Protein chains: 2
Amino acid sequence: MSQELKQPEWADHASERLADAGYRRGGARSAVIDLLARQDCALSAFEIEEALRADGGRPVARASVYRVIDELEQLKLISRIEVGHGISRYEAVHPGGHHHHHHLVCDACEKVIPFEDDELERTIHRVADRVAFDVAEHEIVLHGSCGDCGPRASRRSA
Amino acid sequence: MSQELKQPEWADHASERLADAGYRRGGARSAVIDLLARQDCALSAFEIEEALRADGGRPVARASVYRVIDELEQLKLISRIEVGHGISRYEAVHPGGHHHHHHLVCDACEKVIPFEDDELERTIHRVADRVAFDVAEHEIVLHGSCGDCGPRASRRSA
DNA sequence: ATCAGTGCAAAACATTTGCAGCATG
DNA sequence: CATGCTGCAAATGTTTTGCACTGAT
């Protein structure tokens with residue numbers, strides 16, 4: 001069940017790297033970083049905006065969410081994942097590859113669930129060495145249906 | 001390398017399945033199917049429209065491209081891949097899992113290159129069995145830089 | 001005080017949908 | 001000749017951009 005990691009250290013890490021890169025401390029940026037630091041899996045831009053608006057404290061305009069996301073992605077502090085349905089999702093990248101994971105996507109309820117597998121990582125690295133291509137990152141998405149939607153509910157009415 | 005497969009059989013296969021599903025033989029549909037049959041890797045909706053307009057014969061409206069894509073995807077005759085950059089790409093699915101492959105994406109020139117790896121497939125299936133999730137499909141994308149863009153050109157100016 | 005950071009509204013895309021006319025079975 | 005197929009144009013949804021204002025250094 002997506003192990004609720006919560007890594008405030010990442011927020012500090014990200015803030016430092018941003019400062020190193022010459023960015024100032026704006027409120028919208030901090031709010032997005034703090035929110036992302038508290039997640040255990042990827043959020044869409046809309047979900048980020050929504051969560052910040054509900055969170056009590058600091059509503060952040062959609063445009064700012066996208067701008068912060070863009071900065072963080074360029075510094076490789078977050079990674080973008082594309083699981084279909086036309087939207088991008090973003091999640092913290094922890095230094096040293098800790099908590100590196102991939103995603104199960106329920107095509108019925110659109111839920112995104114993280115999973116880790118060391119053997120898969122080893123295999124991917126072996127493949128990366130084998131191809132005539134300089135591999136920097138990899139993304140693995142398993143589509144199907146989650147427990148809630150029933151092990152047989154792959155096909156959907158929507 | 002992308003081995004220029006060209007499988008006219010797939011066009012027939014797809015046409016049959018569409019007929020079975022009660023579809024007629026419209027010109028736009030045939031044109032899209034024929035084009036996809038001639039590809040060795042995934043095309044975007046825009047590339048499909050463009051290719052058909054240039055191809056000499058049968059321009060197909062964007063809406064029709066999307067409609068045909070949608071029909072083919074629902075019948076699992078093509079698969080949708082998302083490699084970032086905000087667009088979807090589509091490619092023929094060959095019966096029996098033949099020519100099943102994954103993708104290398106050059107983040108410099110945005111080229112998409114197919115690759116196959118049996119060990120990776122075995123590992124993925126092992127993972128699929130292990131998770132509490134009913135896995136129907138999987139998608140693997142390796143990001144980096146292709147030969148043309150230099151084995152060290154992962155970072156990009158654009 | 002300066003210049004980066006932010007919000008709002010409009011623009012730019014990819015994709016979807018409504019509807020009128022064309023063509024297949 | 002009826003119904004499905006197609007094209008056009010408008011709608012939708014996500015992401016980006018322009019510009020004026022706010023706030024950090």
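Letters A, B, ... are given to chains in the order of the sequence lines, protein chains preceding strands, and every chain is numbered from 1. None of these values were measured; they are calculated from a predicted model.
If you take OH of A/Y23 and P of C/dC3, they are 18 Å apart, rounded to a whole angstrom. Separating the CZ atom of A/R58 from the C1' atom of C/dG7 is a distance of 10 Å, rounded to the nearest angstrom. At whole-Å resolution of the value, CD1 in B/I48 and P in D/dT6 are 14 Å apart. Atom P of nucleotide D/dT3 and atom CZ of B/R29 are separated by 17 Å, given to the nearest angstrom. Going from atom CD1 of A/I69 over to atom P of D/dT14 covers 13 Å, rounded to whole Å. Between the C1' atom of C/dG25 and the CG atom of B/L18 lies a distance of 16 Å, rounded to the nearest Å. Whole-Å rounding puts the B/R53 CZ to D/dC8 C1' distance at 12 Å. Counting to the nearest Å, the C1' atom of D/dT15 and the CD atom of A/Q74 are 15 Å from each other.
Defined by atom type and a distance below 3.5 Å, a donor-acceptor pair is present between the side-chain atoms of B/H102 and B/E121. In the model, B/H103 has a side-chain atom that pairs as donor or acceptor with a side-chain atom of B/E91 under 3.5 Å.
Regarding contacts with the backbone of D/dT6, every side-chain N or O of B/R25 stays at 4.0 angstrom or more from both OP1 and OP2.
When A/H94, A/H125, A/H138 are each tested for a ring-ring contact (aromatic ring centres under 6.0 Å, His included) with A/H100, only one passes: A/H138.
The pair B/R29-B/E71 meets the salt-bridge criterion, with a side-chain N (NZ, NE, NH1 or NH2) lying under 4.0 Å from an Asp/Glu carboxylate O. Of the charged side-chain nitrogens involved, at least one lies within less than 4.0 Å of a carboxylate oxygen, so that B/K111 and B/D148 count as a salt-bridged pair.
Here B/G22 lies out of heavy-atom contact (under 4.0 Å) with every strand.
Comparing C/dG5, D/dG7, C/dG7 by their nearest atom to the side chain of A/R24 picks out C/dG5.
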At under 4.0 Å between heavy atoms, which parts of nucleotides 9-17 of chain C does protein reach? Answer with one letter per nucleotide, 5' to 3': B base, S sugar-phosphate only, - none. B----SBBB
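A continuous path of Ile, Leu, Val, Met, Phe, Trp and Tyr side chains, each step under 4.5 Å between heavy atoms, connects B/L75 with B/W10, placing both in one hydrophobic cluster. Linking ILVMFWY side-chain heavy atoms closer than 4.5 Å, directly or via other members, places A/V65 and A/L77 in a single hydrophobic cluster.
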